[in-house]
2 protein chains.
Amino acid sequence: MTEIRQPTPRRGTNLPRMGDFNLTVILEAIRRSSGGLSRVELAQIVGLSPQTISNISRRLLDQQLIVEAGKEGSGPGKPRTILRLNPAGMYAVGVHLDPAVITFVVLNLLGDVVRHSRMATPGGDPAGVITSIAEQIQVLIEESGVDATKIAGLGVAVPGPIDLDEGSVVEPPLLTRWNRVRIREALTEATGLETLVDKDVTSAAVAETWAGGASGAGSFVFMYMGTGIGCGIVLNDEVVRGTSGNAGEIGHIVVDPDGPLCDCGQRGCVKSSAIPQVVVAEAQEAGVLDGRHEGSDGPEVQERFAELCDKADAGDEKAIAILAKSATLVARAVSVVTNTLDVERVVFGGPFWGRVSPYFLERVPALLDTNNAARMIHGLEVVGTGVGEDVGAIGAACLVLEHTLAPRAQRLLLEG
Amino acid sequence: MTEIRQPTPRRGTNLPRMGDFNLTVILEAIRRSSGGLSRVELAQIVGLSPQTISNISRRLLDQQLIVEAGKEGSGPGKPRTILRLNPAGMYAVGVHLDPAVITFVVLNLLGDVVRHSRMATPGGDPAGVITSIAEQIQVLIEESGVDATKIAGLGVAVPGPIDLDEGSVVEPPLLTRWNRVRIREALTEATGLETLVDKDVTSAAVAETWAGGASGAGSFVFMYMGTGIGCGIVLNDEVVRGTSGNAGEIGHIVVDPDGPLCDCGQRGCVKSSAIPQVVVAEAQEAGVLDGRHEGSDGPEVQERFAELCDKADAGDEKAIAILAKSATLVARAVSVVTNTLDVERVVFGGPFWGRVSPYFLERVPALLDTNNAARMIHGLEVVGTGVGEDVGAIGAACLVLEHTLAPRAQRLLLEG
DNA sequence: CGAGGGGCATCAGTGACTGAGATCCGGCAG
DNA sequence: CTGCCGGATCTCAGTCACTGATGCCCCTCG
């Protein structure tokens, strides 16, 4: 039963903590490099002496987290031995519990997907769903064929709100019956794996830091375009979770003064103006999509949204205008967040991102730049995630990798 | 010439860093306690062994940062020796450069104001203003009578935007002619003091962590009610500055769909709907304040705003309604920030806070609670700062104390 | 006035990082 | 083919912060 969140009274540190921390620092440097690093390069990058690097490298080699991969000799002298991550050195299982679909992945140390599966989210009792999830996890692990002793744990991404202390799901809007369900305990019990629970948007941000390459470094906001809209926050390479793990709730940022009334009492909240369901409804009203107004449930919306994108791709002006408006509205919300946090980058992703990315990438950067309060000082990079559609589940698995291997400041401090 | 901001490639740590860090941890524990702590209590709180605490205490005593202050004997056994901060152990000078007024303070280690002065902000050339500031600092230090060798440095709080790397002021809306003025260099040169520059709202947040008592711990947002509106952000006891030091720009959060058009193109931004200048204008239109529409400059607004508050205090319904509306609008903006960051507390402060506090404290907590996305998990505390009106200048001085003595994770890492 | 108990210091002991020097490894000139 | 050279890495102490064990000190209470 591990805790993600930080205790408030700041505690001291000691020698073993320091050693472990430096180990993770070196691992991170190797991880973030493309193509591995030699010991000498590591010494320069992390600022430790070559001897220390050697010692820690040995520990990493013993733990099979890294491997020596060839030599790089340029000029005279002994060629440098390149150290790379050992993909098979550690694995993590990730589950994304979405109101519509549950996604499962097994990740290796590089953050690559080794195995993956999906199932429609069963509607019944949470306890039953959890049992199904646990079963599916066992199947997945077997199918993947990975060494079970190398599996560091299980990460679970769930819709907010959550209670990080309890490891529970607290009444998410689209998962009725999930009221304070302690999914962490339940899955630890059922699978025997150390389990971490976090919000889907936070998980997506963690995925970006671990598997997203260059765009996952530094300070950024991950805009998650799913059934709803939310963001994950990373500042100086560390994820921001907030007091209870609920950071990133941006749904009620007002972006459209003429927008529809929201349940919060204001008009034009981004969650009631720019989420796929609303966009689809708008398209229907405008006659871009035909009038069948059957269901507003997950798959239905997804399908109709895809239809709208198809039309836009085919050049339908009205469809394009609708997507463009949605991009404008989302950009306003993003501006609020980026101005509040002064990040250097915005990463878009999530299940609905793939289809709308051209329309967003064409408009959002300029809009953000115009509204950037720090415009005179630095620009604001806008990119789509390289992690892909399963970013929720991949992020869930990355929660485990991050918790185990990332150089979090928290790792240095003594426990309460 | 010190840098506040963090380098991105995370670097390792070593023994001396660890020792220094633990020293700051212990100092912080003593600082945050009311009335000092014994060595045994410290050992429990920070998690280090009693021996280590003893050793570090000795270092702190040698540096005269703490003093042994009496004994506390309850029951049998040797009574505990209480360790307290030594107020005279360190001093810091703070300057708040506001468009209307420049405030100077000298702070002791406890964060108490030892000496303080003000001057109207001269309108001329920035270079001339900086010279005046430097002169005034010398005068203040002399008048304060503190041991000059104990002055750790100079902190300067300025309106944003700033460039933290350059230590410069970058075209703030109300300080024309201040275009990329490298005030940090200039004041280091002119005063001989190590100088730190930061945004006024960030400084205010730092003031709260250092001199604000219990409300300055953990994760909170400091809402600074000044000529404009902005916020400082503290997460897990560490200030969030952002990539370039410009975090906390929340002026363009939309809070009033029927509000006035803002220069950003949207309607009802908090900075164009709820800042004192606008509130005063509104009161004038409503006939609560008489029609003289002379100046909209700093002192004028301040005076008329005070007049409005007087009327409200006297029971004028219309005046109260206007302040109540302003509270509602500000609360909406605060909700956006608290939901984005999931903090546990909102601290209000700034020059205009004192007068409006009763009207805000009566309404804002309930409004925030209603909009709190994590309502089911934890509440949201709302308090007024205990630091007072000079929170900008005090915060500026606290920048120095924080930089020198706070247990920032950054302190552990090797330099680039 | 002595026993008891808690606070605190002293003294080694551990272990992570560091500096100096040795060793290893390949390229290159002779 | 051999020896030289330069750079990478390893070996071996050395330093220093934290820790565990031990003992002194000081106050309260019987």
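Naming: A, B, ... by sequence-line order, numbering from 1 per chain.
Residues forming a side chain to side chain donor-acceptor pair (under 3.5 Å) with B:Glu381 (at least two apart in sequence, or on another chain): B:Arg345. Legend: residues meeting side-chain contact (heavy atoms from CB on, under 4.5 Å) with B:Asn55, ordered by chain and number and at least two apart, are B:Arg58. When the side-chain contact (heavy atoms from CB on, under 4.5 Å) test is applied to A:Ala406, the partners found at least two apart in sequence or on another chain are A:Trp210, A:Glu402, A:Arg408. The side-chain contact (heavy atoms from CB on, under 4.5 Å) search around B:Asp20 returns B:Arg59, not counting sequence neighbours. Looking at residues two or more places apart in sequence or on another chain, you find a side chain to side chain donor-acceptor pair (under 3.5 Å) between A:Thr52 and A:Ser49. Among residues two or more places apart in sequence or in another chain, the side-chain contact (heavy atoms from CB on, under 4.5 Å) test is passed with A:Ala396 by A:Ala157.
Closest non-hydrogen pair, B:Thr81 versus B:Lys71, comes out as OG1-NZ, 4.2 Å.
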Summary of protein contacts for nucleotides 23-28 of chain C, nucleotide by nucleotide, where a base hit scores B, a sugar-phosphate-only hit scores S (4.0 Å, heavy atoms): -BBB--
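Out of D:dC18, C:dT10, C:dC17, the shortest distance to the side chain of B:Thr52 is found at D:dC18. Picking from D:dA8, C:dC8, D:dT11 the nucleotide with the shortest atom distance to the side chain of B:Val40 gives C:dC8.
If you measure from atom CG of A:Leu48 to atom P of C:dG19, you get 11 Å, rounded to the nearest angstrom. Separating the CG atom of B:Leu42 from the P atom of C:dG6 is a distance of 19 Å, rounded to the nearest angstrom. In this entry the distance linking CD of A:Gln44 with P of D:dG7 reads 13 Å, nearest Å. The nearest whole Å value for the distance from the CZ atom in A:Arg80 to the C1' atom in D:dG6 is 12 Å. One can place CD of B:Gln51 at 16 Å from C1' of D:dC16, the figure rounded to the nearest angstrom. Taking atom CD on B:Glu41 and atom P on C:dG6, their separation rounds to 15 Å, with Å as the unit. Separating the CD1 atom of B:Ile53 from the P atom of C:dT10 is a distance of 16 Å, rounded to the nearest angstrom. Rounding to whole angstrom units, CD1 of residue A:Ile82 and C1' of D:dT9 are separated by 13 Å.
A:Ser244 and B:Asp342 form a side-chain donor-acceptor contact under 3.5 Å, judged by distance and modelled atom types alone.
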Show every donor-acceptor pair shorter than 3.5 Å between a side-chain atom in residues 82-91 of chain A and any protein atom, with sequence neighbours excluded, or say none if there are none.
{"from": "A:Arg84", "atom 1": "NH1", "to": "A:Gly35", "atom 2": "O", "distance (Å)": "2.9"}
{"from": "A:Asn86", "atom 1": "OD1", "to": "A:Ala88", "atom 2": "N", "distance (Å)": "3.2"}
{"from": "A:Asn86", "atom 1": "ND2", "to": "A:Gln64", "atom 2": "O", "distance (Å)": "2.8"}

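Between A:Gly47 and B:Thr81, the residue whose closest nucleotide on DNA chain C is further toward the 5' end is B:Thr81. Mapping B:Arg39 and A:Pro50 onto DNA chain C via the closest heavy atom, the residue that lands nearer the 5' end is B:Arg39.
The stretch residues 202-214 of chain B participates, sequence neighbours left out, in no salt bridge (Lys or Arg N to Asp or Glu O under 4.0 Å) pair at all. Counting only residues at least two apart or in different chains, salt bridge (Lys or Arg N to Asp or Glu O under 4.0 Å) contacts with residues 33-48 of chain B comprise B:Arg39-B:Glu68, B:Glu41-B:Arg80.
Sorted by residue number, the members of residues 12-22 of chain B with any non-hydrogen atom under 4.0 Å from DNA chain D read B:Leu15, B:Met18, B:Gly19, B:Asn22. Taking a 4.0 Å limit (strictly below) on heavy-atom distances, residues 29-38 of chain B does not reach DNA chain D anywhere.
Applying the 6.0 Å contact sphere to CD of A:Gln63 captures more than 12 heavy atoms from other residues, nucleotides or ligands.
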